[in-house]
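From a predicted model like this one, the values you see are computed outputs, not experimental measurements. Ligands are counted one by one from 1 in listed order, and the atoms in each one are counted from 1 as well. No hydrogens, no waters, no symmetry mates; every other heavy atom, side chains included, goes into these values.
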Amino acid sequence: MTSPQLSRRRLLTAGGLGAGSLLLSGCDRLNGRPVFKGLLADAGQLHMHTQRLITGNALAREFSEAEMSPIFRANGSTSVADPGYRSHLAGGFVNWRLVVGGLVRQPLVLSLDALKALPQRSQITRHDCVEGWSAIGKWQGPQLSTILAAAGLLPEARYAVFHCADLLDGTPYYESIDLIDAFHPQTILAWRMNDAPLTEAHGAPLRLRVERQLGYKQAKYVMRIELAARLDGFYGGKGGYWEDGRGYQWYAGM
Ligand SMILES: Nc1nc2c(c(=O)[nH]1)N[C@H]1C(S)=C(S)[C@@H](COP(=O)(O)O)O[C@H]1N2
Ligand SMILES: [Mo]
């Protein structure tokens, strides 16, 4: 009989499969650290652990081209007012850079071309918004694990925080995921949707796809990824725009 502790370690190790030795060494460093002990004590995290013990590191369902939705609506912010963003958009994002920092050994500054030159993953998945609509779309981009492996996580890192360019009701949009989802093979930084570059409405130039979670976790307009030990220092402290006092759960697993 496998203990829950062992299962969780296996999940962490499994999360690194397929992205090379850099990544495996990153994941090895995760093993033996009390990543989950604090979370287990928190009743709010029970759903997450129950689901993960049942599904392991399973993939979200993927669909065929024929199943793609003819219309994929845009939701939340569909444009960004920030002047820096507007000038990048007007210039085709040639001078735009993704910043990866925080608890990493090597902070990264990546152009869109650099992100496109990394190994790509393409996946057709169903997006489920809590507002009561779903759509099946195709997403393409590098796996987040590749980028995190290149940056090299410091041992204290437990979360990836995604800072977005938009304000929703005057507040910066942001999201966060833990390292299990960060290293999951279907977690990608998508720059392409339905075989075309992302439009502004869908999060150009880059958005997160974390396919086992609900729509609001799929951060659009990602400008900066920050590795952090805890979430209580960011904005409202609950790890995301919708989680901060707007009633949505941090772990939005399906
Ligand atoms: N930066 C940012 N990301 C965001 C949002 C937003 O308002 N701003 N809305 C979220 C919600 S609630 C959903 S359902 C999806 C919508 O993605 P779409 O516009 O591509 O359909 O983006 C999510 N990511
Ligand atoms: Mo949503």
As an exercise, identify every atom of ligand 1 less than 4.0 angstrom from a heavy atom of C129. 14 (S)

Are Y241 and ligand 1 in contact, using a heavy-atom cut-off of under 4.0 Å? no

Please tell me whether D181 and T187 have a donor and an acceptor in their side chains that are separated by less than 3.5 angstrom. no

State which residue, out of W139, Y216, W133, fulfils the ring-ring contact (aromatic ring centres under 6.0 Å, His included) condition with H127. W133

Between H202 and F72, does the ring centroid distance fall short of 6.0 Å? yes

E211 versus Q123, side-chain donor and acceptor atoms under 3.5 Å: yes

Do S176 and W250 have side-chain atoms, one donor and one acceptor, less than 3.5 Å apart? yes

What atoms of ligand 1 come within less than 4.0 Å of a heavy atom belonging to L168? 7 (O)

Please check if any side-chain donor atom of Y221 sits under 3.5 Å from a side-chain acceptor atom of D82, or the reverse. no

Close approach of A201 to ligand 1, heavy atoms, under 4.0 angstrom: yes

Specify the protein heavy atom at minimum distance from atom 7 (O) of ligand 1: its residue, its atom name, and the distance to 0.1 Å. S77 N, 2.8 Å

Suppose we measure from atom 19 (O) of ligand 1 to each protein heavy atom; which comes out shortest, and what is that distance? K220 NZ, 2.6 Å

How far is atom 10 (C) of ligand 1 from its nearest protein heavy atom, and which residue and atom name does that atom have? Y173 OH, 3.3 Å

Can you find an N/O atom of Y216 closer than 3.5 Å to an N/O atom of ligand 1? no

Shortest protein heavy-atom distance from atom 24 (N) of ligand 1, along with the residue and atom involved: Q218 O, 3.0 Å

What is the distance from atom CG of L189 to atom OG of S145, rounded to the nearest 0.5 Å? 9.5 Å

When you check the gap from the basic side-chain N to the acidic O, do E67 and K138 get nearer than 4.0 Å? no

Do the side-chain N and O atoms of Q186 and E62 include a donor-acceptor pair separated by under 3.5 angstrom? yes

Within ligand 1, which atoms have a heavy atom of C164 less than 4.0 Å away? 1 (N)

Please determine whether side-chain contact (heavy atoms from CB on, under 4.5 Å) holds for the pair R209 and T125, giving the CA-CA distance in whole Å, both sets of side-chain angles, and the decisive distance to 0.1 Å. CA-CA 10 Å; R209 291 301 309 175; T125 54; 4.0 Å; yes

Using a strict cut-off of 4.0 Å, indicate which atoms of ligand 1 neighbour a heavy atom of A219. 3 (N), 24 (N)

Quick one: nearest non-hydrogen protein atom to atom 23 (C) of ligand 1, plus distance? G215 O, 3.2 Å

Quick one: look up the protein heavy atom nearest atom 21 (O) of ligand 1 and list residue, atom name and how far away it is. R73 O, 2.7 Å

Determine whether the side chains of R97 and N95 contain a donor N or O and an acceptor N or O closer than 3.5 Å. no

Below a 4.0 angstrom heavy-atom separation, can you tell me which part of N75, side chain or backbone, both or neither, approaches ligand 1? both

Which residue and non-hydrogen atom of the protein lie closest to atom 1 (N) of ligand 1, and at what distance in Å? D166 OD1, 2.7 Å

Is R224 salt-bridged to E226, cutoff N-O under 4.0 Å? yes

Close-contact set for ligand 1 against G76 heavy atoms, below 4.0 Å: 7 (O)

Contacting atoms of ligand 1, where contact means under 4.0 angstrom from a heavy atom of F72: 21 (O)

When you compare ligand 1 with E131, is there at least one nitrogen or oxygen pair between them that comes in under 3.5 angstrom? no

Is there a polar contact, in the sense of an N or O pair closer than 3.5 Å, between W133 and ligand 1? no

Which segment of H127 sits under 4.0 Å of ligand 1 when only heavy atoms are counted: side chain

Consider every N or O of Y221 and every N or O of ligand 1, then say whether any pair is closer than 3.5 Å. no

Residues R207, E175: salt bridge by 4.0 Å N-O rule: no

Indicate yes or no: does an N/O atom of H202 lie under 3.5 Å from an N/O atom of ligand 1? yes

Is it the case that ligand 1 has an N or O less than 3.5 angstrom from some N or O of R207? yes

Aromatic centroids of Y174 and Y241 separated by under 6.0 Å: no

Measuring from the heavy atoms of K217, does anything fall under 4.0 Å of ligand 1? no

